[in-house]
Amino acid sequence: MPSVSPAARRAPSAVTAAVIASILTIPAASAASPMPQDVRYPGIIQLSVDATDIDHRVFVVHETIPVTAGPLTLLFPRWLPGYHGPAAQPNRLAGLVIKAGAQRLAWQRDPVDPLQFHLDVPAGTTQLDLDFQHLNPLEGSRNNITATRTIVDVQWEGTLLYPAGYYSARIPVQPRLRLPVGWGAATGLRDPAGELAAPDASGWRVFETLSLEHLVDSPVVAGAHFKRIELDPPGTERPVALDLFGDDEAALAATPEQIAAHRALVHQADLLFGSRHFRHYDLMLWQSDEKGDEGLEHHESSEDGTATGYFDDWDKAIQERELLPHEYTHSWNGKFRRPADLWTPNFNVPMQDSLLWVYEGQTQYWGRVLSARSGLINAQQARDEWADVAAWAENRAGRQWRPLQDTTNDAAIGDDARKDWQDWQRGVDYYDEGSLIWLEADMLIRQESRGQRSLDDFAKRFFGVDNGRMEPLTYRFEDVVAALDRVQPYDWSTFLRQRLDAVGSGAAAPLGGLGRAGWRLVYTDKESQNARNNTHRGAKISDFSYSIGLTVSDKEARIEQVAWNGPAFKAGVAGGATLLAVNMQEYRPERLAAAITANKDGSHPIELLVKDGEHYRVARIDWRGGLRYPSLERIPGQPDLLSAVLAPR
Ligand SMILES: [Zn+2]
């Protein structure tokens with residue numbers, strides 16, 4: 001393996017460079033000279049968004065842009081931070097009218113890049129008035145619902161156009177937002193005096209003037225049912241708050257112990273990073289069965305959405321309780337410390353994602369660790385999570401052809417399309433597989449330093465520098481290696497590249513960290529409590545991945561995923577079909593489980609009656625391994641370092 005992959009070293013291609021030049025160049029200026037980084041846009045964009053039409057879920061936008069005469073290109077943001085890819089939804093913009101005074105101007109969409117709008121500004125014009133709407137989805141998967149009758153999520157990137165030619169950090173915007181009267185709101189934005197913005201009598205909130213970059217990183221979540229809980233003592237510099245929204249008032253009820261665990265999260269993050277890189281921080285959490293699940297990080301806030309029951313189902317909503325620790329960690333890992341190739345001048349220059357195994361992988365690690373250290377989950381629940389991740393990684397057939405490094409391109413490929421063969425295609429594997437690599441790095445540091453140091457030291461030295469600084473501090477692969485080496489001398493470059501670039505028969509899941517932590521992955525015939533809880537909390541999937549190699553939705557008995565080359569695959573089964581019967585009895589999850597167990601001696605091969613479109617067929621699976629669910633088992637005689645990592649500091 002090369003010590004640095006081609007992906008980590010690649011320079012922008014000629015095509016990319018041309019696109020960047022066009023986006024960063026004012027049409028009137030020389031095509032070869034994009035504006036330098038320190039040139040501020042001359043004038044302040046005024047942005048008004050009226051989000052009161054909850055009947056139609058339409059945001060009405062009025063935008064005023066100071067301009068000079070001549071050709072002008074306006075951009076609709078395409079490459080969105082947090083999504084790491086071209087996640088814009090330009091089809092949600094409608095009704096665009098651009099005026100210079102009373103004169104309506106013709107605009108033309110760029111035929112090659114339809115997120116660019118070209119127009120000619122007439123002589124004597126000093127500002128343009130734009131009117132349009134942002135149409136929130138009315139239906140669809142829960143994942144893309146941004147507005148309901150009780151909660152709206154105003155993501156500014158869908159509600160503005162901005163002038164080409166300038167860095168987004170150098171374009172000033174003053175936003176105003178109108179919400180239904182009586183609604184509560186949370187955001188990283190403050191009013192011009194630096195206070196929480198209070199609405200006027202008609203529901204308008206006026207915010208501070210800030211850069212376009214900062215604005216797009218500061219969405220507003222608002223709702224009819226709202227409660228704000230300060231997580232820091234009064235008077236804390238750079239304080240953190242928990243903002244709760246729900247479909248109804250009951251969802252906001254939390255016990256003192258539950259709030260205490262969230263306060264402990266803030267405290268444990270302080271101990272871990274030793275810094276805060278925000279003026280104030282808002283964990284904006286909605287629980288809703290109508291509005292989509294979300295986990296989107298920002299520098300001074302996060303959009304965090306779960307199904308109803310985050311507090312009510314405390315014993316069962318385990319996976320959801322890694323959400324806030326994960327998104328909060330991103331304020332350090334991702335927002336303040338940012339991969340150099342991910343940082344872009346504005347939202348229409350393509351991002352590159354080669355270091356997402358740090359950005360997301362180590363955030364996944366600290367998210368899981370901090371959720372245990374803060375008491376949001378207990379040690380057994382954390383171990384069950386690690387068991388699930390380890391088994392998932394061990395059964396990722398796609399590492400035969402696709403190295404982990406290549407999966408960092410998934411956000412740019414677009415991960416929206418359903419993947420029929422997830423384990424073979426791989427997806428955003430850098431999250432969980434990244435967390436396994438960082439577990440191994442943590443264990444290596446602990447062992448090599450004879451317990452003197454750990455990955456906590458890396459977190460403090462890498463993410464904790466320049467306390468209070470908000471401007472992103474970018475890094476490259478070499479910087480990660482050097483920072484690890486300063487914590488504990490080791491051949492980190494080879495360690496990381498082997499795990500990132502391995503492919504083919506020599507590629508194994510990075511489970512070395514578990515072994516060094518004193519635990520090993522085993523399979524038993526009993527599902528963990530966590531897995532049963534996940535099913536209860538809405539996954540509603542019966543998981544036979546590690547036995548006959550398929551998952552089935554409980555509601556429609558639809559075969560969701562079939563493991564590549566697994567027993568069901570070899571019997572001709574594919575996803576999308578309906579599982580009608582097991583051994584000619586109507587399908588029920590417990591019947592399939594019993595059939596799998598009954599064939600352990602090979603005397604009762606499992607017959608599945610499957611409906612594929614209008615075709616029926618019987619698939620005969622002679623699997624003799626019984627039921628298999630992941631679990632962690634102690635390695636006798638070895639110190640339990642995993643419990644040490646998960647214990648509160
Ligand atoms: Zn993340």
Side-chain angles (χ1 to χ4, degrees), residues 79-87 143-144 153 155 157 188 216-219 221 240 265 268-269 272-273 277-278 281-286 292-306 318-339 341-344 351-372 374 376-377 385-386 388-389 392-393 404-405 407-416 426-439 455 459 462-463 472 474-475 480:
W79 292 78
L80 304 181
Y83 296 95
H84 320 310
N143 281 7
N144 61 18
D153 187 2
Q155 298 174 319
E157 64 269 21
V216 166
D217 197 38
S218 307
V221 179
V240 181
L265 164 63
Q268 291 294 328
L272 177 62
F273 297 117
H277 301 280
F278 43 76
Y281 190 97
D282 284 79
L283 291 155
M284 309 187 294
L285 173 66
W286 65 81
D293 294 341
E294 185 61 277
L296 190 53
E297 67 274 20
H298 304 288
H299 211 130
E300 297 186 306
S301 64
S302 50
E303 293 161 87
D304 308 296
T306 73
I318 305 304
Q319 274 194 333
E320 286 146 294
R321 291 218 298 283
E322 285 183 19
L323 175 64
L324 297 183
H326 178 104
E327 303 308 336
Y328 186 49
T329 295
H330 271 317
S331 185
W332 290 264
N333 181 6
K335 289 297 172 177
F336 169 53
R337 292 310 306 263
R338 197 167 313 173
D341 62 359
L342 192 63
W343 185 93
T344 55
M351 296 169 174
Q352 298 180 55
D353 293 334
S354 71
L355 288 160
L356 285 183
W357 51 273
V358 184
Y359 180 125
E360 292 294 359
Q362 198 172 134
T363 296
Q364 195 79 337
Y365 182 67
W366 290 126
R368 199 166 298 132
V369 169
L370 286 173
S371 60
S374 60
L376 283 163
I377 62 174
E385 290 291 303
W386 280 113
D388 280 347
V389 168
W392 164 88
L404 183 66
Q405 180 67 59
T407 69
T408 64
N409 294 304
D410 251 47
I413 292 170
D415 201 33
D416 292 326
R426 309 195 77 175
V428 291
D429 290 18
Y430 47 87
Y431 281 79
D432 274 331
E433 196 162 318
S435 75
L436 287 166
I437 292 173
W438 290 113
L439 173 68
L455 198 66
F462 194 70
F463 302 114
T474 62
Y475 65 85
V480 178

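Hydrogens, waters and symmetry mates play no part in the numbers below; they use all other heavy atoms, side chains included. Each ligand, and each atom within it, is numbered from 1 in the order the structure gives.
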**Prompt:** Trp357 side chain to Asp429 main-chain N or O, any donor-acceptor pair under 3.5 Å?
**Reply:**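 Not at all, since once roles are kept as given, no pair shorter than 3.5 Å links the two residues.
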**Message:** To make sure I understand the geometry: which N, O or S atom in His330 is closest to the Zn ion (ligand 1)?
**Reply:** NE2
**Prompt:** Can you name the N, O or S atom of Glu360 that is closest to the Zn ion (ligand 1)?
**Reply:** OE1
**Message:** Between Glu327 and the Zn ion (ligand 1), is there a contact where an N/O/S atom of the residue lies under 2.8 Å from the metal?
**Reply:** no
**Prompt:** Do Trp332 and Phe278 touch side chain to side chain, with heavy atoms closer than 4.5 Å?
**Reply:**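 Trp332 vs Phe278: side chains touch.
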**Message:** Under a 3.5 Å cutoff, is there a donor and acceptor pairing between the side chains of Tyr83 and Glu157?
**Reply:**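 Per modelled atom types, Tyr83 and Glu157 side chains form no pair under 3.5 Å.
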**Request:** Determine whether the side chains of Glu360 and His330 contain a donor N or O and an acceptor N or O closer than 3.5 Å.
**Result:**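 Short answer, yes.
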